[in-house]
Amino acid sequence: MLDQRLVRDNPDLITRELERRGLNVDLQPLQKNAQVQRSLEEQRSTLQGESNRIGKQVGILIKSGASPSSQEIEELRREGNKIKQKVALLEEQEKELSINLQKQLLSLPNLPSPYCPDGKNESENKEIRSWGTPRKEKSLLKHWEIADALGLFDSERSVRIAQSRFVTLLNHGARLERALINFMLDLHTKKGYLEVMPPVLVNSASLTGSGQLPKFAEESFRCADDDLWLTPTAEVPVTSLHRNEIIPLEQLPLRYVAYTPCFRREAGSYGKDTRGLIRLHQFNKVELYWFVHPEESLDAHEQITSDAESILQALELPYRVIELCTGDLGFSASRTYDLEVWLPGAGAFREISSCSTCNDFQARRSSIRTKEGKSTRLIHTLNGSGLAVGRTMAALLETGQQSDGSVLLPEALVPYYGSQLIQPQ
RNA sequence: GGAGAGGUGGCCGAGUGGUCGAAGGCGCAGCACUGGAAAUGCUGUAUAGGGGCAACUCUAUCGAGGGUUCGAAUCCCUCCCUCUCCGCCA
């Protein structure tokens, strides 16, 4: 959420910055609303002050022995009632305005960072660096072809269980998934991340706090009878871990790593990536999340990205780092690096991690602050996948595929998977 | 799911209509005492939004939302949550 004061005092700046995202937002009505709301609030609180004084005076009179039906008190009662009516009227107008205002504010995306390169869409994203040498032989298999032959997962039967875009991991596939999760968690916790396993059903306040609501309700699965949703990413519960908190300065930065399944409706991507592990309604992800002092977020962003990269490097998976341009930024992000892993079978780079700094956007929505001297200050939040597990498996299969149909895994996985080779039964 | 109890400041805990943002204690910070510390004493110690250069000041907040009243932490209604016992259950 954007700062309401900024809306009031400098709407042009917001308009200008949102234009960088390709949005055309007229903030004049919003600014007007914010100003009117403040003036109503001013009037109301002045009146309320008068009313409070009357109430106190009656109290004093009665305590000093005046009869409750004395003329003086009757007079004060009448006066109090008059004020009460005025206050009620103002309150009604103010409430309607601020509900409206809040709704509009919650629908505006974050402003792009000054470092975020301008651009219309993903075609204008910038490659920052790359790592490793992609396999580019002809006739390499796609991961689902390799997996089919090895019996690693079953998509068709999963339709029986749920619907399309679900998989059941089988045998070595299930084992590899488990190995990857442990491998990633271990690597990150060794670097000082605190491991958490949060609820994957989250309430709407949590989704609002991290930016998924109100705008992206159609992207998440909802439990019809409760105010609960299946989390689309661990970013949601982990943000809310500290919602409405003041975190002592000396505790920052807080760095969490969370493994959770993630659930997404993938509305609007019919026909895209219908096979394999790339785009599922349910997938596993290990997520990195930082709560940092506002002045640390720039460095933290580099660090969280590099922590995500370290998994790809340990798994010997070639990748490149892309900086998203303003037009491709996610709703809550002010700056984002995507890690794209090379999929030899597909012959393409695919996103496997997205590392974003949200500055104070989520912190304001979730009211997460720290204390500096006498005043409180919103902290900054960052998140990054470290990594999407299913896509990691896809990359491992395609990258390690051998001509005999087996798959050679990176050495780092041996202690976790138990072998360096996945072989046909 | 059934029965009961309860939600007050960082924590404990008083407060059942009247200058209550809320006694007291603990914790924390500063000061005093000390060679230093402990103990002791004094002072301070919530958040948000307005106004003021500032000292400061106004408003709101006692789980949430409504209501009664000149006045609500206190009374009434609805909801949420927590705890205990029973049942069920991984």
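Values below: all heavy atoms of this structure, side chains included; hydrogens, waters and symmetry mates excluded. Chain identifiers are assigned alphabetically (A, B, ...) following the order of the sequence lines, protein sequences preceding nucleic acid strands; residue numbering begins at 1 within each chain.
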* To do: Could you tell me which residues satisfy salt bridge (charged side-chain N to carboxylate O under 4.0 Å, His left out) with E75(A), sequence neighbours excluded, listed by chain and number?
  => R78(A)
Exercise answer: donor-acceptor pairs, residues 291-299 of chain A side-chain atoms, under 3.5 Å, sequence neighbours excluded:
unit_1: H293(A); atom_1: ND1; unit_2: E295(A); atom_2: N; d: 3.1
unit_1: H293(A); atom_1: NE2; unit_2: E372(A); atom_2: OE2; d: 2.6
unit_1: E295(A); atom_1: OE2; unit_2: R377(A); atom_2: NH1; d: 3.1
unit_1: E295(A); atom_1: OE2; unit_2: R377(A); atom_2: NH2; d: 3.1
unit_1: S297(A); atom_1: OG; unit_2: P294(A); atom_2: O; d: 3.3
unit_1: S297(A); atom_1: OG; unit_2: H380(A); atom_2: ND1; d: 2.8

Distances for protein N or O near nucleotides 63-66 of chain B N or O, under 3.5 Å:
unit_1: G66(B); atom_1: OP1; unit_2: K95(A); atom_2: NZ; d: 2.9

* Structure fact -> Sorted by chain and residue number, the side chain to side chain donor-acceptor pair (under 3.5 Å) partners of S334(A) (sequence neighbours excluded) come out as N359(A)
* Restricting to pairs with a member in residues 55-67 of chain A, which pass side chain to side chain donor-acceptor pair (under 3.5 Å), not counting sequence neighbours? -> S67(A)-S69(A)
Is there any protein nitrogen or oxygen under 3.5 Å from a nitrogen or oxygen in nucleotides 18-20 of chain B, and what are the pairs?
unit_1: G18(B); atom_1: N2; unit_2: G55(A); atom_2: O; d: 2.8

* Asked: R77(A): what forms a salt bridge (charged side-chain N to carboxylate O under 4.0 Å, His left out) with it, not counting sequence neighbours?
  -> E74(A)
* Structure fact -> Per the under-4.0 Å heavy-atom filter, residues of residues 34-52 of chain A near RNA chain B come out as R38(A), E41(A), E42(A), R44(A), S45(A), Q48(A), G49(A), N52(A)
* To do: Kindly state each residue pair satisfying side chain to side chain donor-acceptor pair (under 3.5 Å) with at least one member in residues 207-222 of chain A, sequence neighbours excluded.
  => S210(A)-Q212(A)
* Listed by chain and number, what are the ring pair (Phe, Tyr, Trp, His ring centres under 6.0 Å) partners of F331(A), not counting sequence neighbours? -> F216(A), F361(A)
* To do: Just grab all the side chain to side chain donor-acceptor pair (under 3.5 Å) pairs involving residues 81-98 of chain A, residues at least two apart or on different chains.
  => R44(A)-E94(A)
For residues 407-419 of chain A, dump all side-chain donor-acceptor pairs below 3.5 Å to protein atoms at least two apart in sequence or in another chain.
unit_1: Y416(A); atom_1: OH; unit_2: D186(A); atom_2: OD2; d: 2.7
unit_1: Y417(A); atom_1: OH; unit_2: H172(A); atom_2: ND1; d: 3.4
unit_1: S419(A); atom_1: OG; unit_2: L421(A); atom_2: N; d: 2.9
unit_1: S419(A); atom_1: OG; unit_2: L421(A); atom_2: O; d: 2.9

